[in-house]
Amino acid sequence: MTNFYDVETLKRRLHQLSDEQLKQDYLRGALTFDFLAKVLKEVESEDLTLRVVSLALKLNVIQGTLLTKTVKPEFQNKAFSLVMPLNLPLAFKIRLLAQTRSPLLLPWFFKGLHHPNEPVNAWSAWAITQIGQAAEPLLLKALKDPLQKTRLWATWGLGQIASDRAIRGLILALNHEDSQVRWRAAAALGKIKNRLAITKLREILASDPDHYVRGRAATALGFLGGVSAITGLKNALDDAEFYVYTNAVYGLEMINDSFAIKVLLQALNHNNADVRTRVVEVLGRIGNEFVINKLLKKIHDPDPFVRAKVVETIQSMNTPSTINGLKTALNDTDVYVRSWAETALDKLDSSESTTFLTTLFNPNIVSPYSHLPKLWISSRAEAKNYILEHFQGAKISYLISIGSPGSELPEGFDQVPTRWRLEFDDIDTPYHDPEYILPSLKHILEALHFMKSVQANEGDLLIHCQGGISRSTAIAFILYAYRLGIGKEEEALNYILTIQPQAMPNQWIVELADIALKRGGRLIQALRNYRRSF
């Protein structure tokens, strides 16, 4: 009997197979596509290779496109050319071809940077970064492109690749004549956290004519940290522009070491009242006893906005020193400060703790699948109610917390026995602002790996994001589709919608998961059908 899944056997008989035989035996399902990919690496006939790829594209465009990267290098250009004319949205076609990570596609992707459609520009830039260091020479050249949007995406692309050569290019871009390039280069260098950039970032923080560039340089130095960065940020507190000195204060907060805190404490006496206000806010978040005692002295600050910020900052701190500070503020000359103090003291005196939560779904919903835990989806603010107060009878043993980089964790995060944190922004198209983080395949794989540890009858699973609508529902959808298996994509999505009727899953997360789980477009189609229902 012929072994259909022996590479040598198929190589010998591939030219004998009809289109129908290929479809039935090798182009149905992810596993057979994987096997066929191994065979195509060794097929010597260009015509035969292209015939198989063409047939695969007709049967399943996603799996067919992924096959193009497995053919012999000398056949790849023609294999890619079979994808180009397909009747698909151009941005989607770019995303598919980007999965091949082939340098042969670089000229085509760079052409996409000049396309009049912005999503095409964005996905072309993303596709270039998937190829990596081979794209560096073209990206560096694109910094001089006459079209501004191309220069901006080139800057972003270098930041995504983040190699030594890319970093050198970004440092040079801090001198670019286009201020839009300069601030993006500064932001990218901060996210990369390469300390070689500190000297140049300090220079532009002190002297760049554009205040927005200076402000982004301050944020970048906050990411980088160290004595030199702190010294630069300390000097920037004297900048005349609100955006710059505010970012300098927040940059010092990000560093949050003893030297940075010392600089912030000194800035409590800064001659600019607005600087003092921002510093009070930041020190309140740092919040150790020594810092709070220093902060309380500003209850007598000459500026009423500073005094009000002190009251606002300490209002939930139920300690003898903060309560005395609030009582002092009751006699303030400013009515706004007195009002803050009165409200804060009333809350602290209240013996009742009232929890208010609006639930959007039926609390009696249970998982219809015995091998899966009960699922809850919430916003970050609501998550604490499920974790700490067992709202609606929730027994949270598993938690996936999703937020933008640097955003707050939900209260009670550390009390959940099995938990995972994912950090990316709620976007489904790349942004050329380097501080926006697009969901990536790494995030998807981390979530799938976490789901392997989730067991039914050992407690409930909570997934939260900022609003409980987009990122959390997308992750929930792909995890339950993963556990239910191929062919259950619609069923998984319907379960998520039962739990969160306002769900609008992040489309890019679903696309990434479709490829990671080898669903051949089933996840994407289920989401498309749901969106069309609106």
Side-chain angles (χ1 to χ4, degrees), residues 284-285 287 315-318 347 352-367 372-428 437 439 443-444 446-483 492-493 495-506 509-510 513:
R285 286 197 288 264
Q315 63 176 319
S316 59
M317 301 177 187
N318 194 355
K347 286 182 180 178
E352 295 182 5
S353 175
T354 304
T355 299
F356 175 75
L357 176 68
T358 302
T359 184
L360 297 173
F361 54 88
N362 184 345
N364 297 317
I365 292 172
V366 296
S367 173
L372 295 176
K374 184 173 182 179
L375 174 67
W376 305 87
I377 297 172
S378 80
S379 67
R380 184 190 65 80
E382 293 170 342
K384 67 175 182 180
N385 298 285
Y386 295 100
I387 298 168
L388 300 176
E389 301 180 21
H390 306 294
F391 186 79
Q392 301 278 23
K395 297 177 182 178
I396 306 302
S397 296
Y398 304 96
L399 169 66
I400 296 179
S401 170
I402 306 170
S404 298
S407 61
E408 290 184 65
L409 294 169
E411 288 186 45
F413 176 83
D414 292 335
Q415 297 185 34
V416 180
T418 307
R419 57 189 181 272
W420 194 256
R421 175 70 171 177
L422 296 172
E423 292 198 339
F424 51 82
D425 288 296
D426 188 15
I427 54 176
D428 53 17
I437 304 300
H443 297 125
I444 304 306
E446 287 177 357
L448 291 170
H449 181 73
F450 177 87
M451 193 62 178
K452 292 178 181 178
S453 68
V454 176
Q455 302 297 324
N457 305 319
E458 293 185 6
D460 303 345
L461 168 63
L462 170 65
I463 304 177
H464 88 80
C465 59
Q466 183 61 28
I469 302 296
S470 176
R471 287 169 290 182
S472 56
T473 58
I475 292 293
F477 170 35
I478 67 174
L479 294 184
Y480 275 71
Y482 161 63
R483 289 289 290 267
L493 182 56
Y495 178 48
I496 304 309
L497 295 173
T498 304
I499 293 167
Q500 174 52 293
Q502 292 189 336
M504 189 54 68
N506 180 294
I509 291 174
V510 174

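Hydrogens, waters and symmetry mates play no part in the numbers below; they use all other heavy atoms, side chains included. By convention here, the first residue in the shown sequence is residue 1.
Here Leu399 contributes atom CG and Ile387 contributes atom CD1; the two are 5.0 Å apart, rounded to the nearest 0.5 Å. Between the CD atom in Gln502 and the CG atom in Leu497 there is a gap of 11.5 Å [rounded to 0.5 Å]. The OG atom of Ser472 lies 10.0 Å from the CD1 atom of Ile400; values are rounded to the nearest 0.5 Å. Expressed to the nearest 0.5 Å, how far CD1 of Ile402 lies from CG of Asp425 amounts to 12.5 Å. The distance from atom CD1 of Ile509 to atom CZ of Arg471, rounded to the nearest 0.5 Å, is 8.0 Å. The CG atom of Leu462 lies 4.5 Å from the OG atom of Ser378; values are rounded to the nearest 0.5 Å.
Under the rule for a side-chain contact (heavy atoms from CB on, under 4.5 Å), the partners of Arg483 that lie at least two apart in sequence or sit in another chain are Leu372, Met451, Val454. Every residue meeting the ring pair (Phe, Tyr, Trp, His ring centres under 6.0 Å) condition with Phe424, not counting sequence neighbours, appears here in chain and number order: His443. Take Glu458 and apply the salt bridge (charged side-chain N to carboxylate O under 4.0 Å, His left out) test, not counting sequence neighbours, and it matches no residue. The side-chain contact (heavy atoms from CB on, under 4.5 Å) check on Ser470 picks up Asp426, Asn506, with sequence neighbours excluded. Not counting sequence neighbours, the partners of Ala476 by the side-chain contact (heavy atoms from CB on, under 4.5 Å) test are Leu375, Ile377, Ile463, Ile496. Here Glu411 pairs with Lys384, Leu388 under the side-chain contact (heavy atoms from CB on, under 4.5 Å) rule; sequence neighbours left out.
Between Phe450 and Tyr398, the ring planes are perpendicular. Angles over 60° get that label, and only those under 30° would be called parallel.
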Practice prompt. For side-chain contact (heavy atoms from CB on, under 4.5 Å), just list the numbers for Lys452 and Tyr482, CA-CA rounded to whole Å, side-chain angles, deciding distance to a tenth of an Å, and then say yes or no.
Written response: CA-CA 10 Å; Lys452 292 178 181 178; Tyr482 161 63; 3.3 Å; yes

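Residues Ile437 and Glu423 share a closest heavy-atom pair of CG2-O, 4.2 Å. Looking at every heavy atom in both residues, Ala503 comes nearest to Pro505 through C-CD, 3.7 Å.
Counting only distance, with no hydrogens or angles, the side chain of Ser404 and the backbone of Ser407 share no donor-acceptor pair below 3.5 Å.
Within the 4.5 Å cutoff, no side-chain heavy atoms of Asp460 are placed close to those of Pro373. In this structure, Gln415 and Ile396 have side chains that are not in contact, with every pair of non-hydrogen atoms separated by 4.5 Å or more. Between Gln392 and Trp376 there is a side-chain heavy-atom pair separated by less than 4.5 Å. Under the 4.5 Å side-chain criterion, counting only non-hydrogen atoms from C-beta, Glu382 is not in contact with His464. Using a 4.5 Å cut-off on side-chain heavy atoms (C-beta onward), Tyr480 and Ile499 make no contact.
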